[in-house]
Amino acid sequence: MLSSVKTFVFLDLEATGLNKYLPKITEICLVAAHISSLQNPVTNEFGEMQLPRVLDKLCLCVDPEKTINRYASEISGLNNKNLGENEKQNFNSGLIVLIKEFLDRQAKPVCLVAHNGFKFDFPLLKTELKEQGNDFSSSLLCLDTLHVFQELDTLENGAPKKGKGFYTLSELYRRSVGKEPIDSHHAEGDVQMLIMIFMSKAKQVIEKTSYSFKMWSEISPMYVTRR
DNA sequence: TGCCAGGCCCTCTTTAGGGCCTT
C-alpha cells in the first residue's frame, strides 16, 4: 500500500495538553514532500543529508479557546496571552478549507505522517474536524513513525528496543542524523525532524513496514464534545 | 459541568501492573 503513495504530508500539532485533558490545537504544521525527493535525499558538501528543496508548507497558530496547560506553554512557547495578542483565529471552517485545499494540491495517493500520530495527532485533528461537522477524504492514508521504527527494529532484531526515551522524536533524530534537535516542540521544527528521520530510512519504511499505516477512516476522534 | 488516554509491550506475568509516547 505504501509503495503506491506519491506524497507524504508530515504533520505535527501543538496543543493545550495531553489526551486526558481533552486538548485543543494551538499550532498545526503540514509539510508535503514527494516520494521522489524523499527516496533521493540531497547531501551538502560534508555529505550531510538535507531537507528536500521542493516542499509545500502550511503552518498556522490557532487560538484554542481553552486554557493552555502550563507545561505545554513552556515547551511550545505558545500561551493564551501571545496567541490572543496576535489575534489568532480559532480552528474554524476557514482553516479546514485551507488544509483540505493544501492536501488536494498534492500528487495522490497522499499519506499523512506523524510521530505517535495514531494516539495523538490524528485523533485530535479528527476531533477538531468533527466539531466543525467536517472530515478528510476516507482515501487518505496515515502513518505513525513511532510504530514504523518499532516495526523496523522488530524486523531487524526480533523486538523493539527497550528503555525510556528510545523512540522519542528527539532521540530518533539524534540517532538518525547525528545532531542535536533544533526548535523541538515548535510544530515546524518537529516536522523538519520527522522528515529527516523518515528520509534516513525511507526505503525500508516504504518496502518493509506493513502494520504502521491506517486509512484515515479508521482513525477515531480523541474525544467528542457534548453540546 | 466535569469526566480526565490507551493499545501495546515487558516482566519481579498469566488470578497483574506499570511504562511508553504525544502536549
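Given the structure is predicted, the values throughout are model-derived calculations rather than measurements. Convention: sequence-line order gives letters A, B, ...; per-chain numbering from 1.
Straight-line distance between the C1' atoms of dC9(B) and dT14(B): roughly 14 Å, to the nearest whole Å. When the C1' atom is used for both dC3(B) and dC8(B), the distance is 25 Å, rounded to whole Å. Separation of the C1' atoms belonging to dC12(B) and dG17(B) is 11 Å when rounded to the nearest angstrom. The gap from the P atom of dA16(B) to that of dT23(B) amounts to 33 Å, rounded to the nearest Å. Atom P of dT13(B) sits at a distance of 28 Å from the matching atom of dG6(B), rounded to the whole Å. Atom name P, nucleotides dG19(B) and dT1(B): the rounded distance is 34 Å, in whole Å.
Contact annotation: His115(A) does not reach the phosphate of dC21(B) (side-chain N/O to OP1 or OP2, under 4.0 Å).
Among the heavy atoms of the strands, none lies under 4.0 Å from Ile68(A). Residue-level contact check: Leu124(A) touches neither bases nor backbone, having no heavy atom under 4.0 Å from any strand. The residue Tyr71(A) sits close to a base: some heavy atom pair falls under 4.0 Å.
Looking at Leu103(A) and Leu112(A), their side chains come closer than 4.5 Å, going by heavy atoms from C-beta outward. At a threshold of 4.5 Å between non-hydrogen side-chain atoms, the residues Ile219(A) and Pro123(A) count as touching. Put simply, the side chain of Lys179(A) does not reach to within 4.5 Å of the side chain of Arg174(A), judged on heavy atoms.
For the pair His147(A) NE2 and dC9(B) C1', the interatomic distance rounds to 11 Å; values are reported in whole Å. Taking atom NZ on Lys66(A) and atom C1' on dG2(B), their separation rounds to 10 Å, with Å as the unit. Regarding Asp12(A), its CG atom lies at a distance of 13 Å from the C1' atom of dC21(B), rounded to whole Å. Rounded to an integer number of Å, the gap from Asn80(A) CG to dT23(B) P is 18 Å. Taking atom CD of residue Gln150(A) and atom C1' of nucleotide dG19(B), one finds them 12 Å apart after rounding to whole Å.
Among dC3(B), dT23(B), dC21(B), the nucleotide with an atom closest to any side-chain atom of Leu22(A) is dC3(B).
Pairs of residues two or more places apart, or lying in two chains, that qualify as salt bridge (Lys or Arg N to Asp or Glu O under 4.0 Å) and include a residue from residues 66-81 of chain A are Arg70(A)-Glu74(A), Lys81(A)-Glu85(A).
For the pair Lys119(A) and Gly17(A), nearest-nucleotide mapping onto DNA chain B gives the more 5' position to Lys119(A). With DNA chain B read from its 5' end, the first of the two nearest nucleotides for Lys20(A) and His185(A) is the one closest to Lys20(A).
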Pair up each side-chain donor or acceptor in residues 6-14 of chain A with any protein partner under 3.5 Å, not counting sequence neighbours, and list the distances.
{"from": "Thr7(A)", "atom 1": "OG1", "to": "Ala107(A)", "atom 2": "N", "distance (Å)": "3.3"}
{"from": "Thr7(A)", "atom 1": "OG1", "to": "Ala107(A)", "atom 2": "O", "distance (Å)": "2.6"}

